[in-house]
Structures are given as C-alpha cells and as structure tokens.
Amino acid sequence: MRPSSLDPLFADATNLPGIGPKLAQTLQDFVGDKIIDLLWHLPSNLIDRQYRPSLADVEDGRIATFEVTIVKHQAPPRRHLPYRVTCQNDTGFLSLVFFHARGDWLQKALPVGETRMISGRVERFRDNLQIVHPDHMLNQHEFEQLPVIEPVYPLTAGISAKVLMKAAQAALPRLPQLDEWQDAQWIEKNQWPNWHDAMRGAHQPEDLAALAPLHPNRARLAYDELLAHQLVLALVRRQRRQLPGRRFHIDDKMQNAFLAQLPFALTGSQQQAIDDIQADMQSPTRMLRLLQGDVGSGKTVVAVLAMLQAVANGAQATIMAPTEILAQQHGETIGPWLDALGIRWALISGRNKGKQRQARLADLASGDTQIAIGTHALFQDDVVFKDLGVAVVDEQHRFGVHQRMSLSSKGQGVDVLVMTATPIPRTLTLTAYGDMDVSRMVDKPAGRKPISTHIFSMDRYGEIAGNLKNVLADGARVYWVCPLVNESELIDLQAAEARFKELQKLYGEQVGLVHGQMKAAEKDAVMAKFQAGDIRVLVATTVIEVGVNVPEATVMVIEHAERFGLAQLHQLRGRVGRGLDKSTCLLIYRGPLGQTARSRLEIMRDTEDGFVIAEEDLRLRGAGEVLGTRQSGLPTFRIASLEDHAALLPTVHDDVKLMLNNDPNLESPRGQALRCLLYLFRRDEAIRYLHSG
Ligand code: ADP
Ligand code: MG
C-alpha cells in the first residue's frame with residue numbers, strides 16, 4: 001500500500017491550475033497524469049529577465065529579453081514557410097519567427113510602430129538574429145508583472161510554456177517532507193539537500209548554475225532515480241533467482257570428450273566463464289548470465305560447453321544468432337563438433353521452407369533434435385521444444401530484452417546465456433544488465449598476432465588502393481568497408497558501389513561487393529566466394545559487422561572511420577587477426593578531423609583491448625552513444641543521465657546491495673523510506689516482490 005504521505009503527489013494533475021481534461025490527456029502522454037509525474041519534469045532552462053543584452057552582443061542560444069519596436073510583418077509567401085515579424089532597436093534588428101501562425105492574431109499582438117518586450121531563445125540564422133516562437137511578447141506594464149527568474153520546462157506540442165510553468169509551480173507546495181532514503185553519511189558527505197528541498201530548488205533555479213546536472217539539487221535527485229532503478233533491478237534479479245530453475249548435473253565425460261577434440265587449451269577466461277556457468281546450471285535457480293568477451297575471445301566454445309551439459313542431462317539446447325550468415329557459420333563450426341560426439345542437431349532458420357521446415361520442427365518437438373542452431377526464426381510460435389534446458393543468445397546487442405525473455409519461455413526454467421562482443425564499461429554494465437550475472441572474458445586465445453592499425457586521410461586513397469597490389473600478390477584477403485554515411489541507404493549503397501567499381505578496375509574479378517540490400521542468398525554466395533578465396537577484396541557496407549569468420553583475411557580498410565562508434569570499429573577490426581598471419585587495419589578519415597574524432601581514432605590505433613576502448617569511448621562520447629541507447633535496452637531516466645551521473649553508479653550499486661543484505665524486505669525505517677522512493681518513481685511494481693521474502 002502506498003504511504004498516505006504521498007497522496008497529495010498522486011492526485012490527478014487536473015487538480016492543478018490551468019490543467020483541464022483536454023490538457024490532462026496531452027500531459028499524460030507527455031509525462032504522466034499525476035502531480036508527481038509533472039514534478040519529475042524539471043526545468044531545462046530559465047528566463048532571467050535581467051539578461052537584457054544589446055542585439056549586437058547577445059550570446060547565441062541564450063534566452064534573452066529585448067525592448068524593440070515592431071517594424072514590419074511578412075506573411076509567408078507559401079504554405080509551410082513561417083510568418084516573420086521584423087523588430088528593431090538602437091543596437092540592431094531581430095526577426096520573430098512563427099510557424100502555422102494566425103496573421104490576424106499576430107497583427108494585434110505586435111502592432112507595427114509599437115514597443116514590445118520580447119523574451120525567448122535567440123539564434124543566429126544566416127546573418128540574422130531570430131527568435132522562433134518567443135516566450136513573451138508583452139508591453140512594458142505586463143512585463144513588469146513577471147517574476148525576474150522563471151523556470152522553463154521542456155515542452156511538447158499542445159502544452160504552452162506558461163501553462164506548464166504555472167502548474168509545476170502550483171504543485172510545489174504539495175511536496176511533503178519525507179523520511180530520508182539515502183544513506184545519512186553519504187548525504188552528509190555530499191552536502192546534498194533533503195528530497196523536499198532538492199525538488200523545490202530544482203523547480204526554482206536561481207541561476208544557470210542551478211540547472212547543471214551536478215548541482216547538489218539535481219545530483220541528489222539523479223541519485224534517487226538511479227537508486228530506485230537499481231533497487232528494482234536487484235529485486236527483479238532476486239525474484240528471478242527464486243523462480244524454480246532446474247538443477248543440472250555436470251557431466252565430465254561429455255565435456256572431456258569435447259575438449260579432447262579441440263586443437264587448443266582453454267584460456268583462463270574461458271575456464272572461468274565455464275565455471276561460472278556450471279555453477280549456475282547446478283544451482284536450483286535459473287541462469288541469466290551475460291558473457292562479455294571481445295571478438296575472437298572464444299565465446300563459441302563456452303556456449304557449446306553449456307549446451308552439452310543440457311544434452312548430457314537429457315534436455316535440449318539452442319543457440320540463436322542475429323543473422324542468417326552467423327547461424328550458418330555456427331552450424332559450420334559447431335556442427336562437426338557435435339557430430340563427433342554423436343549429438344543430433346539442426347539448423348532452424350527462416351530459410352527452411354515447406355516439408356523440410358516441418359520435418360525439422362517435428363524433430364525438435366519430439367526431442368529427436370538435441371541442439372538447435374538458428375536465428376530469430378526460433379522465436380516463432382510453431383517452434384516447440386520437447387524440453388529446452390539451455391538457451392544461448394549470441395551477439396546480444398541485436399536482440400531486445402523482450403526477445404531474450406521470449407526465448408526462455410520456450411521451456412521450463414530455461415537457463416539463459418547471453419553473449420555479447422560489445423565490451424561495455426563496467427559502470428554501464430550494471431545499468432544495462434543489472435538483472436544479469438556477468439562473466440567477462442579478458443584473455444585472448446594464445447597465438448593471436450597483434451593487428452597493426454594505421455590512420456590515413458582520404459587524400460591518400462590512390463596510394464592505398466595502389467598498395468593493395470602488393471598485398472594481394474602476397475595472397476592476402478581484404479575487407480573494404482564503406483559505412484552508412486547518409487540518411488539514405490540508397491546513397492550509401494551508391495558510395496559502396498562506386499568504390500567497388502573503382503577497385504574492380506584495378507583488380508578485376510578478385511573484387512566482390514556485399515551490402516544490406518542484397519537478398520540473403522546473394523549475400524551468402526558472395527561471402528562463400530570470399531571464404532573460398534575466389535574473391536580477395538570484399539567491398540562491404542557494415543553487413544559484415546557481426547561475427548563473420550574468415551581467418552585468411554588480414555587487411556581491414558575502413559573508410560570514413562570517423563563516422564563509426566569505437567565499439568563498431570573495434571568489432572570490424574576484429575574480423576581480421578583471426579589467422580596465423582599478421583594483420584593490418586587502415587582507418588581512413590575524411591578531414592578535417594576535430595580533436596575528439598582524432599583522439600578516438602588514436603585510441604583505436606593504440607590499443608586492441610575492447611574494454612579499454614569502451615571506457616575511453618564512454619569518456620569521449622557519453623553513455624547514450626556508446627551503447628546506442630535504442631539497441632541496448634538501456635533505461636530512460638527522467639533526471640539522471642548516464643553522461644553526467646555515471647560516476648554515481650558504483651555507489652548506488654553498493655548501496656543497494658548492502659541495503660538488501662541488511663534489510664531484505666525493506667522493513668527498517670530506511671527500508672520503508674526506500675519503498676516510498678519506488679512509489680515516487682513509479683517503480684512500485686517491484687514492491688510486490690518484497691512480500692514473497
Ligand atoms: P568469439 O568470441 O568472437 O565468438 P569465437 O568463438 O568465434 O570467438 O573464436 C574465435 C576463434 O578462436 C575460433 O576459430 C576458435 O576456434 C578459436 N579459439 C577459441 N578458443 C581458443 C583457445 N582457447 N585457443 C586458441 N584458439 C581458440
Ligand atoms: Mg561469436
């Protein structure tokens with residue numbers, strides 16, 4: 001039950017002045033329908049009426065106020081163009097810009113020849129100063145009625161700044177004093193205000209510094225939000241652990257028979273990961289483990305060992321890859337290993353059709369097939385396992401959390417192993433995958449040759465293309481990657497095709513092209529030729545990004561390298577350096593390079609350690625971009641941002657762990673306060689996990 005002290009905050013937003021039923025609907029879609037939802041919506045700017053610069057030296061992008069005379073109105077010459085009003089004072093000109101404006105209304109509000117106080121965000125457009133949709137257009141008298149400093153809230157269509165501001169300010173007196181949920185010493189050490197004061201302060205910023213993410217008010221609230229989020233993850237994880245899983249017995253015989261086939265010994269990291277996984281599988285709780293390991297660190301072998309244990313226990317297992325090519329490749333590597341052990345396996349992909357598909361599905365449903373290797377096609381409803389024990393999801397970043405879960409629903413208490421080659425900085429792992437246990441593989445298989453990486457400007461294209469001659473004479477195989485540059489896939493494709501034609505002129509039939517618009521079968525045909533060595537220079541858009549294994553490829557050329565994320569560059573580079581020969585990677589940029597862009601390429605040149613690269617990428621670019629927020633299933637926060645508050649995460653994590661150790665059901669005073677916090681952040685679904693104890 002929600003503590004009654006929170007009731008004022010959980011009243012409908014329609015209780016606030018200016019929020020009628022119609023606005024309430026818009027508001028609901030925007031932030032939520034309760035007062036608390038509005039209160040978590042913090043100002044992103046402020047209007048300081050004291051900032052009254054001259055038009056000559058106003059700072060670009062700031063909200064400023066000017067006293068101006070209205071000079072002329074310009075109705076839009078065509079639809080979709082804005083309405084413009086030109087104003088002037090002693091120091092210069094200012095344009096006011098209105099989209100979808102009603103001319104008659106503007107004529108009345110801004111009569112030519114009159115003086116008005118205009119507030120809004122100033123932009124320089126070409127050589128003109130302009131304000132698009134000013135916040136205020138008032139006469140002197142009206143202007144004097146306004147507060148000197150006014151918070152400005154992020155807007156959505158259909159709600160005006162003034163309405164939002166008034167409603168939020170009217171909500172402030174409803175803020176209750178609540179018991180502290182943060183650790184007393186921690187609060188003390190940071191000199192953070194209590195929640196009530198932090199909220200008030202955040203909504204009534206006195207200066208621009210108060211809007212900074214690390215201002216005590218904001219930092220405190222960000223910590224609150226991260227705390228609520230991590231607490232929920234921890235509770236979910238604990239809950240998951242309490243769900244019945246199955247207890248597998250570890251079968252050394254099958255494992256040893258498998259290991260005896262391998263021409264190499266396991267790395268320390270592989271051994272550690274296998275130990276982790278086996279411990280999970282032996283325990284009566286479900287496994288949900290993330291295996292992070294750089295490209296080439298040998299995750300496949302680990303996956304196979306996990307699957308073998310399921311089979312040894314009479315259950316089935318599956319490994320799911322993000323693309324057809326990768327599923328095929330898994331079939332090619334894993335298949336023979338399984339054959340040698342007498343294990344029946346099948347490839348299940350979108351390409352199985354008709355009778356063949358039905359036969360494969362029937363074998364899976366009867367349990368005749370012990371291991372299924374496949375793609376998304378494994379999710380389809382008609383794919384039924386007799387008894388799925390272990391599911392491996394390869395290259396996790398291509399799958400959503402939802403898909404991950406739906407695979408585990410294909411059996412009873414399925415143990416799930418998620419594998420990713422995207423090295424994620426430690427701090428972010430907790431945030432993105434806090435519900436999973438993590439094994440990190442840091443050692444590389446022995447005998448890997450370092451890849452030497454060089455940075456070139458596109459100016460030297462001729463030289464590089466010419467040099468391929470020697471490279472090819474030595475028998476090498478080359479990837480040549482043309483990235484997605486434009487919004488339009490078609491234009492990108494043209495770029496790759498143009499490069500393909502140019503290289504073909506130089507090297508003839510040895511040059512091939514593979515891109516995302518090709519049919520799967522065509523793609524496979526080209527890849528197969530490259531694998532066989534019939535094609536020796538493979539021009540590609542980023543379709544080769546994930547997992548493709550051609551050990552003979554020793555040169556990776558990446559055009560427009562500055563456009564890629566470091567993680568992606570790292571993945572691409574990982575396509576070479578897989579064989580016995582020394583490999584090279586050429587990062588080609590189109591200048592001029594900014595400082596950050598240059599630093600990023602230099603990191604690539606200087607290290608091959610994916611985790612180091614990820615940490616540096618985080619430092620240089622911020623979390624959202626490192627993870628590609630959309631793909632990662634990373635949570636979106638109201639106040640916290642991973643760019644600004646990532647440094648708080650380790651503390652939050654420790655805090656949660658300690659708290660749940662000491663007070664597993666959140667019953668102590670601090671525990672009760674934490675429950676409040678979960679309500680405030682609307683994460684109270686997790687509270688029901690508390691009673692089950
Ligand atoms: P990834 O982690 O990128 O999926 P793979 O599992 O494809 O890496 O392994 C890359 C290559 O390294 C494969 O050819 C694999 O057989 C080989 N390999 C795996 N483990 C070892 C090891 N311990 N020693 C030597 N080679 C290994
Ligand atoms: Mg792999």
Side-chain angles (χ1 to χ4, degrees), residues 255-256 258-277 289-308 317-323 325-341 371 373-375 392-399 417-424 438-451 477 479 527 530-531 544-554 556 567-581 583 585 608-611 613-614:
Q255 170 160 330
N256 291 336
F258 170 64
L259 291 176
Q261 290 185 53
L262 298 180
F264 47 75
L266 296 179
T267 65
S269 288
Q270 283 172 320
Q271 190 56 58
Q272 181 59 51
I274 289 161
D275 292 348
D276 292 346
I277 290 166
R289 181 167 290 278
L290 178 70
L291 180 61
Q292 276 188 306
D294 234 335
V295 169
S297 59
K299 293 184 292 297
T300 316
V301 167
V302 176
V304 171
L305 279 164
M307 294 196 291
L308 288 183
T318 186
I319 181 166
M320 184 169 63
T323 66
I325 295 180
L326 285 171
Q328 300 278 351
Q329 217 165 59
H330 275 321
E332 281 156 30
T333 23
I334 299 174
W337 288 332
L338 300 180
D339 290 337
L341 297 172
I371 291 185
I373 299 173
T375 59
V392 181
V393 182
D394 198 6
E395 308 290 356
Q396 140 78 13
H397 59 294
R398 294 294 174 106
F399 288 114
L417 177 67
V418 174
M419 308 202 292
T420 177
T422 310
I424 298 173
V438 179
S439 299
R440 293 184 136 205
M441 302 220 294
V442 286
D443 322 335
K444 285 242 155 92
R448 287 282 148 78
K449 299 261 181 347
I451 303 169
R477 263 171 254 174
Y479 288 107
M527 288 309 300
F530 187 59
Q531 243 162 348
I544 59 160
E545 181 190 339
V546 180
V548 175
N549 195 22
V550 181
E552 296 83 0
T554 52
M556 169 65 65
Q568 214 181 358
L569 285 178
H570 180 64
Q571 291 253 358
L572 284 169
R573 181 170 60 183
R575 301 303 113 211
V576 297
R578 299 189 149 213
L580 300 174
D581 294 326
S583 294
C585 173
E608 272 188 67
D609 183 327
F611 289 106
I613 290 170

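In each ligand, atom 1 is the first atom listed, and ligand 1 is the first ligand listed. Below, each value reflects all heavy atoms present in this structure, side chains not excepted, and no hydrogens, waters or symmetry copies. In this text, all values refer to a predicted model and were calculated from it rather than measured experimentally.
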TODO: Verify, without hydrogens or angle tests, whether Ser269 (side chain) and Val442 (backbone) share a donor-acceptor contact under 3.5 angstrom.
DONE: yes
Task: Heavy atom of Met419, distance to ligand 1 below 4.0 Å - done: no
Open item on the list: Which of the numbered atoms in ligand 1 are under 4.0 angstrom from any heavy atom belonging to Asp294?
Closed with: 2 (O)
TODO: Below 4.0 angstrom from a heavy atom of Thr267, which ligand 1 atoms are there? Numbered from 1 as shown, please.
DONE: 23 (N)
Open item on the list: Looking only at distances, can you tell me whether any N or O atom of Gly298, backbone or side chain, sits closer than 3.5 Å to an N or O atom of ligand 1?
Closed with: yes
Open item on the list: Test your reading of the model: is there a side-chain donor-acceptor pair from Gln270 to the backbone of Gly298, 3.5 Å cut-off?
Closed with: yes
Open item on the list: Please list, in number order, the atoms of ligand 1 under 4.0 Å from a heavy atom of Arg578.
Closed with: 3 (O)
Task: Donor-acceptor contact present, side-chain Glu608 to main-chain Pro450, <3.5 Å - done: no
Open item on the list: Could you tell me, atom by atom, which parts of ligand 1 come under 4.0 Å of a heavy atom of Ser297?
Closed with: 2 (O), 8 (O)
- [ ] For Gln270, counting its heavy atoms only, list the atoms of ligand 1 lying under 4.0 Å from any of them.
- [x] 19 (C), 20 (N), 21 (C), 22 (C), 23 (N)
- [ ] Could you tell me which atoms of ligand 1, counted from 1 in the order shown, lie closer than 4.0 angstrom to a heavy atom of Leu266?
- [x] 23 (N)
Open item on the list: Need the ligand 1 atom indices (1-based, order shown) with element for anything under 4.0 Å from a heavy-atom of Ala265.
Closed with: 22 (C), 23 (N), 24 (N)
Task: Check: Asp276 side chain, Ser439 main-chain N or O, donor-acceptor pair, under 3.5 Å - done: no
Task: Test of proximity, Gly293 against ligand 1: N or O pairs below 3.5 Å - done: no
Task: Between Asp581 and Thr554: side-chain donor-acceptor atoms closer than 3.5 Å - done: no
Open item on the list: Donor-acceptor pair, distance only, cut-off 3.5 Å: does the side chain of Arg477 make one with the backbone of Phe530?
Closed with: yes
Task: Reported CD1-to-CG distance for the pair Ile371 and Leu341, which is rounded to 0.5 angstrom - done: 9.0 Å
Open item on the list: Can you tell me how far apart CD1 (Ile319) and OG1 (Thr300) are? Round to the nearest 0.5 Å.
Closed with: 6.5 Å
Task: Option with minimal heavy-atom separation from atom 5 (P) of ligand 1, where the choices are Leu326, Thr420, Thr300 - done: Thr300
